[in-house]
Amino acid sequence: MKISEDIVTKVFSGMQFDDVLDDLTNEIKSRNYLITRVNNIDNIHGRLNSGLSKKSAFKNYKIVEFCNLESCSQLISTDLLAGVFMPAKFIVYQTLEEKKVYISFLSPISFANLFNSEKMMGIAKIMENDMYEVLEEIDF
C-alpha cells in the first residue's frame, strides 16, 4: 500500500465543520449505509495532548464508521479476514490554523487488492464509487 495513492482526501472550503459532518452522514445514510459510530477525537485531544506541535494540532477530528450489512456479509464470506477493514470509515478533520475541512478515506479497492479476490473486488468497486459520490454531493 502507498498512502499517497490509497488514501483519498477531499478539501472543503467555505463550509463550517459541523455542516460538512452533517452532510456527510446524511449522504452516507441516503445510500443505505448504517452509521455505526462517530468517534469524537477532538474532545480527547484537547484534554490530553495540549503540548503537541502546531503541525499535528487539530481543532476538529471525527471518525465516521459505517457499513451496509449485506455488503459486509458478502465481503466476509469471500474471506473471513476481510473484517479487519470493517466498518468502513471516513475521517473528517480541521487543523487549528485553517478553516478548510478535510475528509479522507482508505480506498476499498486498495484493501480488496490485498485479498486477490474478484468477488471482493466487485463489492469494493461499488463501495468506493458510493464513497466518491458521497464526497461529491457534499459540495452541493
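Below, each value reflects all heavy atoms present in this structure, side chains not excepted, and no hydrogens, waters or symmetry copies.
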Quiz item: Between L135 and K10, which heavy-atom pair has the shortest distance, and what is it?
Solution: O-NZ, 3.5 Å
Quiz item: Do any N or O atoms from the side chain of N40 and from the backbone of Y61 form a donor-acceptor pair under 3.5 angstrom?
Solution: no
Self-check item: Side chain proximity check, M15 to D23, heavy atoms < 4.5 angstrom
Solution: yes
Quiz item: Within the side chain of N26, is there an N or O that forms a donor-acceptor pair under 3.5 Å with the backbone of D22?
Solution: yes
Quiz item: Do the charged groups of E97 and K59 touch, with an N to O distance under 4.0 Å?
Solution: no
Self-check item: Evaluation steps, ring pair (Phe, Tyr, Trp, His ring centres under 6.0 Å), between F85 and F111
Solution: CA-CA 8 Å; F85 291 105; F111 76 73; 4.8 Å; yes
Practice problem: Heavy atoms only: give me the nearest A82-L75 pair and the separation to one decimal. | Solution: CB-O, 3.7 Å
Quiz item: For the atom pair NZ (K29) and CG (L24), what is the distance rounded to the nearest 0.5 Å?
Solution: 10.5 Å
Quiz item: Ignoring hydrogens and geometry, is there a side-chain-to-backbone donor-acceptor pair from S104 to I91 under 3.5 Å?
Solution: no
Quiz item: With under 30° as parallel and over 60° as perpendicular, where do the rings of F105 and Y132 fit, or are they tilted in between?
Solution: perpendicular
Quiz item: For residues N39 and K62, is any side-chain donor paired with an opposing acceptor at under 3.5 Å?
Solution: no
Practice problem: Would you mind reporting whether L21 and V64 have side-chain heavy atoms less than 4.5 Å apart? | Solution: yes
Quiz item: According to a 4.5 Å side-chain heavy-atom criterion applied to Ile, Leu, Val, Met, Phe, Trp and Tyr, with indirect links allowed, do I63 and F58 form part of one hydrophobic cluster?
Solution: yes
Self-check item: Heavy-atom pair with the smallest gap, counting every atom of I103 and V20
Solution: CD1-CG1, 3.6 Å
Self-check item: Side-chain donor or acceptor of Q94 paired with backbone N/O of K99 under 3.5 Å
Solution: yes
Quiz item: Does the side chain of M131 come within less than 4.5 Å of F90's, by heavy atoms?
Solution: yes
Quiz item: Where the side chain of S73 meets the backbone of L69, is there a donor-acceptor pair that is under 3.5 Å apart?
Solution: no
Practice problem: Verify side chain to side chain contact (heavy atoms under 4.5 Å, CB included) between V92 and F17, making sure each step is shown before the conclusion. | Solution: CA-CA 8 Å; V92 186; F17 184 87; 3.6 Å; yes
Self-check item: D130 and Y33: side chain donor to acceptor below 3.5 Å
Solution: yes
Quiz prompt | Close side-chain approach of F66 to T25, heavy-atom, < 4.5 Å | solution = no
Self-check item: Steps toward side chain to side chain contact (heavy atoms under 4.5 Å, CB included) verdict (R31, E133)
Solution: CA-CA 10 Å; R31 286 167 176 73; E133 286 180 1; 3.6 Å; yes
Tabulate below the donor-acceptor pairs under 3.5 Å that side-chain atoms of residues 112-127 make, not counting sequence neighbours, or state none.
residue, atom, partner, partner atom, Å
N113, ND2, I109, O, 3.4
S117, OG, M120, N, 3.2

Quiz item: E98: what forms a side chain to side chain donor-acceptor pair (under 3.5 Å) with it, not counting sequence neighbours?
Solution: T95, Y102
Quiz item: Are I41 and Y93 connected in the hydrophobic side-chain network, where two residues link if heavy atoms are under 4.5 Å apart?
Solution: yes
Quiz item: Should V11 and V101 count as side-chain neighbours, where that means a heavy-atom distance under 4.5 Å?
Solution: no
Quiz item: When you look at M86 and C67, which way does the side chain to side chain contact (heavy atoms under 4.5 Å, CB included) test go after all the steps?
Solution: CA-CA 7 Å; M86 291 182 225; C67 72; over 6 Å; no
Self-check item: Residue pair I35 / V38: nearest heavy atoms and the distance that separates them
Solution: CG2-CG2, 4.0 Å
